[in-house]
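Below, all heavy atoms of this structure are taken into account, side chains as well, without hydrogens, waters or symmetry copies. Numbered from 1 within each chain, the chains take letters A, B, ... in sequence-line order.
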Amino acid sequence: MLFTDRSLWTMIHGIVLGGIALMALFAALVSMSTVRTAEGPYGATEGQSRSVARLTVLIALVLWLGVLVGTYVIFPPYRATPPEGGTDLSQYPRSLLLASPDTAWLHAFAMESKEHMPWIAVMLATAVAFVGVRYRSTLLMNAQLRNMAMTLLAICFALVSFVALMGVFVNKVAPLQ
Amino acid sequence: MATAGRPREANVGAARQDVANGAALASFLGAGIGAFAMGFFASINEAGIFVAPTLYGPAGGVSGRTTFAIAAWLMAWGLLHNRWKHRQIASGPVSAITLTLIGLGILGTFPPVWRLF
């Protein structure tokens with residue numbers, strides 16, 4: 001079999017969900033920024049407001065799926081303990097990383113960051129999605145709300161980019177197979 | 001004659017400018033509190049002060065820490081929403097507190113910070 005279930009889940013988590021989240025975050029930031037520069041009589045229309053609201057909901061949904069898959073599907077096999085006396089650690093990524101001082105940081109820094117930070121991104125994205133759906137055009141036309149929402153989405157983008165990069169590093173050295 | 005390039009749909013922003021901002025700010029501040037809670041539970045776990053119970057064995061302690069933080073976020077959001085949903089709130093201080101809490105939360109989930117304990 002070319003890909004195992006575990007490697008497929010890793011690809012769904014990182015490439016599909018992570019990739020969609022990053023693209024949608026970028027699109028939402030650009031859309032909101034475009035509206036900001038088009039205030040006055042050419043401000044947001046109902047259609048634009050609806051699109052931005054849908055985009056923020058998509059971001060929140062994809063991030064929720066990403067953290068749930070990451071925490072409850074991918075993390076358990078990653079942290080599984082190898083059998084006593086076992087020498088082949090290829091099926092036990094955490095133990096494989098910790099076995100060498102050169103790669104131990106990939107668990108101690110990269111994976112431990114990935115355990116918690118994405119959950120912050122989820123909360124921020126959900127907050128913005130709620131405001132997008134509830135306020136629609138007001139979110140885009142009210143400068144204070146729009147700036148705060150954009151700031152939270154920008155933080156989200158930074159967090160997701162960082163944990164995605166850490167995921168690439170971990171998966172490059174100790175992939176789930 | 002219609003203005004060239006003008007979207008067909010009406011600009012509806014001005015009509016909704018007067019909607020109370022309380023629910024939005026409650027949502028933002030609630031997320032800030034949730035972010036802080038995430039960093040707080042991760043940090044006190046690493047410091048050995050409080051270890052959240054494992055709620056799903058295969059995932060280990062992270063299942064408890066994240067669930068506790070999510071619960072704190074939802075409770076804070078719910079309480080703030082009930083109090084603020086019909087009110088107009090000064091957004092400057094709420095935004096500043098929200099961003100501070102998010103910053104502290106991110107620091108609390110950053111492994112190099114744990115090594116300081």
Study note, to complete from the structure: If one checks every heavy atom of A:I74 against chain B at 4.5 Å, the contacting part turns out to be neither
Exercise for review: Report the option among A:A80, A:A149, A:P76, A:A121 that has the most heavy-atom pairs separated by less than 4.5 Å from atoms of chain B.
Suggested key: A:P76
Check your understanding: Which bit of B:S91 comes within less than 4.5 Å of chain A, counting heavy atoms only: side chain, backbone, both or neither?
Key -> side chain
Check your understanding: Going by distance alone, is a donor N or O of one side chain under 3.5 Å from an acceptor N or O of the other, for A:S7 and A:T4?
Key -> yes
**Study point:** When A:T126, A:T151, A:T71 are compared by non-hydrogen pairs under 4.5 Å with chain B, the top option
**Key:** A:T126
Review point. Can you check whether A:L55 reaches A:S31 side chain to side chain, under 4.5 Å on heavy atoms?
Key: yes
Study note, to complete from the structure: Per-residue tally against chain B (heavy atom, under 4.5 Å) across A:M148, A:E112, A:E115 peaks at A:M148
Practice item. Taking heavy atoms only and a threshold strictly under 4.5 Å, list by residue number the residues of residues 54-67 of chain B that touch chain A; give 'none' if the list is empty. Key: B:Y56, B:G57, B:P58, B:A59, B:G60, B:V62, B:S63, B:R65, B:T66, B:T67
Review point. Looking at B:I97, B:T98, B:L99, which one forms a side chain to side chain contact (heavy atoms under 4.5 Å, CB included) with B:L101?
Key: B:I97
Review point. Heavy atoms, side chains only, cut-off 4.5 Å: are B:L29 and B:W84 in contact?
Key: yes
Check your understanding: Side chains of A:Q144 and B:S95: closer than 4.5 Å at any heavy-atom pair?
Key -> no
Exercise for review: Count the heavy-atom pairs under 4.5 Å between each of A:P77, A:A125, A:A108 and chain B, then report the option with the highest count.
Suggested key: A:A108
**Study point:** Atom group of B:L74 that falls short of 4.5 Å from chain A, counting heavy atoms
**Key:** neither
Point to revise | Toward chain B, the part of A:L145 with a non-hydrogen atom under 4.5 Å | key: both
Point to revise | Minimum side-chain heavy-atom gap A:R6-A:Q91 below 4.5 Å | key: yes
